[in-house]
Amino acid sequence: MLPLASIVLAAGKGTRMKSGLIKVLHPIAGPPMIAWPVAAAREAGSDPIVLVIGHQATAVQAVFRGAADIRSAMQEEQLGTGHAVACALDTLAGFSGTVLILCGDTPLLRSETLKNMLTYHRDNGAAITVLTALMDDPLGYGRVVRDGSGQVAAIVEHKDATQEEREIREINSGIYCMDSGFLFANIKEISNDNAQGEYYLTDLLAIAVRKGLTCLALPTADADEIMGVNDRVQLAEAARILRSRINREHMLNGVTLIDPDQTYIDHGVTIGADTTIHPGCRIGCGSIIGSGCEIEAAVSISDCRIGDDCHIKASSVLESSELGEDVSVGPMAHLRPGTVLGNKVKIGNFVETKKIVMGEGSKASHLTYLGDADIGRDVNIGCGTITCNYDGVNKHRTVIGDEVFIGSDVQLVAPVTVGRNSLVAAGTTVTIDVPPDSLALSRVPQVNKEGWRLKKKS
Ligand code: UD1
Ligand code: CA
C-alpha cells in the first residue's frame, strides 16, 4: 500500500454548540463525533493519523487511548486551519507519501469517498486535491473558483468573497489530499492577510496553481457526506443520517425494524436475523443481540449480550447484562449491571436486578428486587421478594439453591443461604441460613379478635 498519513483538525472549541463540551466530543450515534472521521481515515488506509488538538486536549486523547496509529499535536492558539496543519507537521517529520487532511466535525464522511479521492489524486499526479460539493445554500463555506477552462484557481472564504464569487455553488468540504513534499515545502507560505486574520489552509490551492503544479477539485456525489456539524441543529441532522445508514444495514441483514425512523441503534451493535425491534427502542454501542428476538416498544439496551429467541417486553431497561436463550424480560423491568440470566429465565414486570446470576428456568415474575445474589436453576421467586443486600455500610450476597420456592413478600437478609429444594413461606423474613429440603417460616401467628369492629363503633 502507498504511504498515507492523515491530519484531523480538532483544536477548535465549537463555539456555536454553546456547550461546556467541545464540539468533536459530542456523541453522535454512539461514539464521540471525532471517532467517525478518524475511522474513515483509518479504513482508507491511513497510518499514522495525527489529531490537531487544543481545547480539552486530554479528553480528546482519551478517546483514542491505546490506539497505536493515533498521534496528537498541540495547537495552543487557534490561528486558522493553515496554522493547525503546520502544527501537525513536526509529528510527521520524515514521512513521505500522501497526506489526507480532514476536519473533526464531518462525521458523515465515508471511507469509500476518501479512497476514490486518493485514487483520483494519485492517478493524476496532483500536488493537492480538494473534495468539493455543489450546494443550493453555500452560505458560510469557502467557494471553489475555477478559471475559464474549468481548472481550479483558488478557494475563497465566504467572508473574503466578492458578490460574484458568492454566487458560486461549488464549495470546499475542508477535506484534502496533498503530496507530502508539496505540503512541507509550502505550508510556511500561507499568510494571514484576509478578512479573519487567520492562516487559511485553502491558500495552498492558489499557491500550487501559481507554481504550475497540478491542483484538482473533485465534486462528491453525495453532499450530505461532507456536512460539517457546527451547531446542535446540524448535530441532530447528522445523527439522523448516521442512524438511517445503521438501520438500513441491519434491515438488509434480516432484522425487522417496525419504524426505522424511530429506532435508535448506535454504531457497533450486532443483531441476528429475524429479530424484530419495535419503535422507540434505544440500543447502545457494543450490544450483541441474537436472532429471533422480539424487542417491544421503548426498550433501552446498553452494553448487553442477549441470546437467541429472547423476548424483551415494553419499556424495560437493560444495562451491562447477559441473557441466555429464550429469556423473557419485562414489561417495565430493570436489569442493572452484572445481571446474568440463564436460558429460559423469566423476569416479569417491575422487577429490578443487579449483580445476580440466575440459573436456567428460574422465574421472578412480579415486583421484586434481586441484588447481589446467586440463584440456582428452576427457582421460583414470589411477588414482592426483596434481597436485603445492604446493611448501610457493606453489600452482602444471597445464595439460593436449585429448585427453591420463595413465597410472596419474602425478605432475604444477606448474607444468607437458602439450601436447594427448600420452601420459604410467604411473608417470611429470612435471617438465618435455610438447610436443603426444608420449610422456612417466620410469621407472627395471626390473631382474630371477633366483634372488634362492632365494639369500636359503639
Ligand atoms: C473551513 C474552510 C472552508 C470550508 C469549510 C468546510 C478554511 C480557511 N476554510 O471553514 O473553506 O468550506 O471549512 O467545513 O480552511 N481548526 C483548528 N484550528 C484552527 C482553526 C480550525 O483545529 O486554528 C479546526 C476546527 O476545530 C474544525 C476545522 O478545523 O474542526 C475547521 O475549522 P472551522 O473554523 O470550522 O472552518 P470553517 O470556517 O468552517
Ligand atoms: Ca466548520
Side-chain angles (χ1 to χ4, degrees), residues 6-17 19 21-26 28 32-38 40-41 50-57 59-60 72-89 91 100-109 128 130-135 137-145 152 154-161 165-166 168-176 178 183 187 190-207 217 219-220 223-231 234-235 238:
S6 287
I7 299 174
V8 181
L9 307 186
K13 183 169 180 295
T15 316
R16 283 168 284 177
M17 293 295 282
S19 174
L21 186 67
I22 59 160
K23 176 166 75 180
V24 297
L25 290 181
H26 278 257
I28 177 159
M33 194 185 301
I34 189 167
W36 290 93
V38 166
V50 182
L51 309 178
V52 179
I53 53 179
H55 287 279
Q56 299 178 15
V60 179
S72 55
M74 274 302 279
Q75 186 194 23
E76 302 285 352
E77 245 189 308
Q78 281 75 58
L79 303 178
T81 49
H83 178 254
V85 168
C87 291
L89 295 188
T91 314
L100 201 57
I101 299 176
L102 313 171
C103 293
D105 63 356
T106 53
L108 300 176
L109 184 67
I128 178 166
V130 57
L131 190 68
T132 69
L134 290 173
M135 291 240 172
D137 179 15
L139 187 83
Y141 285 101
R143 306 299 205 283
V144 179
V145 180
V152 184
I155 288 175
V156 181
E157 287 308 294
H158 184 87
K159 286 184 179 152
D160 298 285
E165 286 164 339
R166 287 186 181 180
I168 298 173
R169 286 177 50 233
E170 187 178 15
I171 61 101
N172 169 25
S173 69
I175 297 156
Y176 320 81
M178 298 193 199
L183 175 61
I187 193 82
I190 296 176
S191 82
N192 63 353
D193 180 17
N194 53 53
Q196 305 186 78
E198 287 184 5
Y199 294 88
Y200 292 165
L201 183 62
T202 46
D203 285 359
L204 282 178
L205 278 95
I207 292 172
T220 104
D224 271 355
E225 264 193 59
I226 55 108
M227 172 186 167
V229 171
N230 292 314
D231 56 34
Q234 290 168 324
L235 178 72

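Order of listing sets the numbers, starting from 1, for every ligand and every atom in it. By convention here, the first residue in the shown sequence is residue 1.
Applying the 4.0 Å criterion to heavy atoms of G12 picks out, from ligand 1, the atoms 22 (O), 26 (O). Interface of S173 with ligand 1, defined as ligand atoms under 4.0 Å from a residue heavy atom, comprises 6 (C), 14 (O). Of all atoms in ligand 1, listed by their number and element, those nearer than 4.0 Å to a heavy atom of Y200 are 8 (C). Listed by number with element, the atoms of ligand 1 under 4.0 angstrom from any heavy atom of G142 are 3 (C), 4 (C), 11 (O), 12 (O). Close approach to Q78 involves these atoms of ligand 1, each under 4.0 Å from a residue heavy atom: 18 (N), 19 (C), 23 (O). Under a 4.0 Å criterion applied to the non-hydrogen atoms of C103, ligand 1 contributes the atoms 28 (C), 31 (C). For ligand 1, the atoms sitting less than 4.0 Å from at least one non-hydrogen atom of L79 are 23 (O), numbered in the order shown with element in parentheses. Distances below 4.0 Å separate heavy atoms of A84 from the following atoms of ligand 1: 17 (C), 18 (N), 22 (O).
Tested against I155, the residues L201, V130, V145 include a single side-chain contact (heavy atoms from CB on, under 4.5 Å) partner, V130.
Neither the backbone nor the side chain of T106 comes within contact range of ligand 1; no heavy atom lies under 4.0 Å. For Q75, every heavy-atom contact with ligand 1 shorter than 4.0 Å involves the side chain, none the backbone. Residue E198 does not touch ligand 1, judged by heavy-atom distances below 4.0 Å.
By the 3.5 Å distance cut-off applied to N or O atoms, T202 is not counted among the residues near ligand 1. Geometrically, ligand 1 and I155 share no nitrogen or oxygen pair separated by less than 3.5 Å. The distance criterion of under 3.5 Å between nitrogen or oxygen atoms is met by N172 with respect to ligand 1.
In this structure, the side chains of L79 and E198 stay at 4.5 Å or more apart for every pair of heavy atoms. I171 places none of its side-chain heavy atoms less than 4.5 Å from the side chain of T132. In this structure, the side chains of D137 and M135 stay at 4.5 Å or more apart for every pair of heavy atoms. Residues Y200 and E157 have side chains in contact (heavy-atom distance under 4.5 Å, counting atoms from C-beta outward).
Between the side chains of T220 and E225, not a single donor N or O lies within less than 3.5 Å of an accepting N or O. Under the 3.5 Å distance criterion, with hydrogens and angles disregarded, a donor-acceptor pair is assigned to the side chains of N230 and K23. Looking only at atom types and distance, the side chain of N172 has a donor-acceptor partner in the side chain of Y176 under 3.5 Å away.
Ligand 1 does not have H83 within reach: every non-hydrogen atom of the residue lies 4.0 Å or more from it.
The side chain to side chain contact (heavy atoms under 4.5 Å, CB included) search around Q78 returns A11, H55, Q75, not counting sequence neighbours. For the side chain to side chain donor-acceptor pair (under 3.5 Å) test, no residue two or more places apart in sequence or in another chain qualifies with T106.
The closest non-hydrogen atom to atom 20 (C) of ligand 1, taken over A11, P37, G104, G80, comes from G80.
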